[in-house]
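What follows is a short report on a single structure.
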Amino acid sequence: MKYYGHLRRHDSIQKRILEGKIDGRRGRGRRRQTWLGNIEETSQMKMCEVSETALDRRRWRTVTAHLGDGMAPS
């Protein structure tokens, strides 16, 4: 979670890869879990909220500090 905040604040190749889309067809079967999906599920926030929050280091640290105790701010 902390690494996502770091990636979101800095312009890098990792950020471009993380936010990029792949052309082509989706494979058959159950969809794979994604890192971003796990972040969204763990933080209980929508991806747009997570992305916005990660840009502000102080807010992001508050969110990641309270993940396990059920006190995460909205």
Side-chain angles (χ1 to χ4, degrees):
M1 292 287 292
K2 291 180 183 180
Y3 185 61
Y4 177 75
H6 176 78
L7 286 179
R8 192 71 182 107
R9 284 188 298 275
H10 301 286
D11 191 28
S12 64
I13 188 74
Q14 291 92 345
K15 180 179 176 183
R16 291 180 190 198
I17 291 169
L18 184 66
E19 295 175 346
K21 300 282 185 194
I22 298 173
D23 293 335
R25 295 178 46 190
R26 198 166 28 123
R28 294 176 46 180
R30 188 176 74 186
R31 297 184 77 182
R32 292 183 179 175
Q33 284 188 324
T34 63
W35 186 49
L36 293 177
N38 290 339
I39 290 173
E40 192 172 357
E41 182 181 327
T42 303
S43 67
Q44 298 175 347
M45 298 167 71
K46 293 185 178 189
M47 203 63 228
C48 59
E49 294 173 301
V50 171
S51 295
E52 184 102 4
T53 303
L55 292 175
D56 182 1
R57 180 179 282 180
R58 184 173 291 158
R59 282 179 50 203
W60 186 249
R61 284 187 177 182
T62 303
V63 169
T64 57
H66 294 292
L67 284 177
D69 60 11
M71 300 283 293
S74 53

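Ring geometry for H6 versus Y3: interplanar angle under 30°, hence parallel rather than tilted (30 to 60°).
Put simply, the side chain of T64 gets close to the backbone of R61: a donor and an acceptor are under 3.5 Å apart. Side-chain atoms of R9 come within 3.5 Å of backbone atoms of G5 as a donor-acceptor pair (strictly under, hydrogens ignored).
Note on L36: it clusters hydrophobically with V50, by side-chain heavy-atom contacts below 4.5 Å among ILVMFWY residues.
Distance check: N38 CG to E40 CD gives 10.0 Å after rounding to the nearest 0.5 Å.
Scored by the side-chain contact (heavy atoms from CB on, under 4.5 Å) test, S51 finds Y4, R8, M47 as partners (sequence neighbours excluded).
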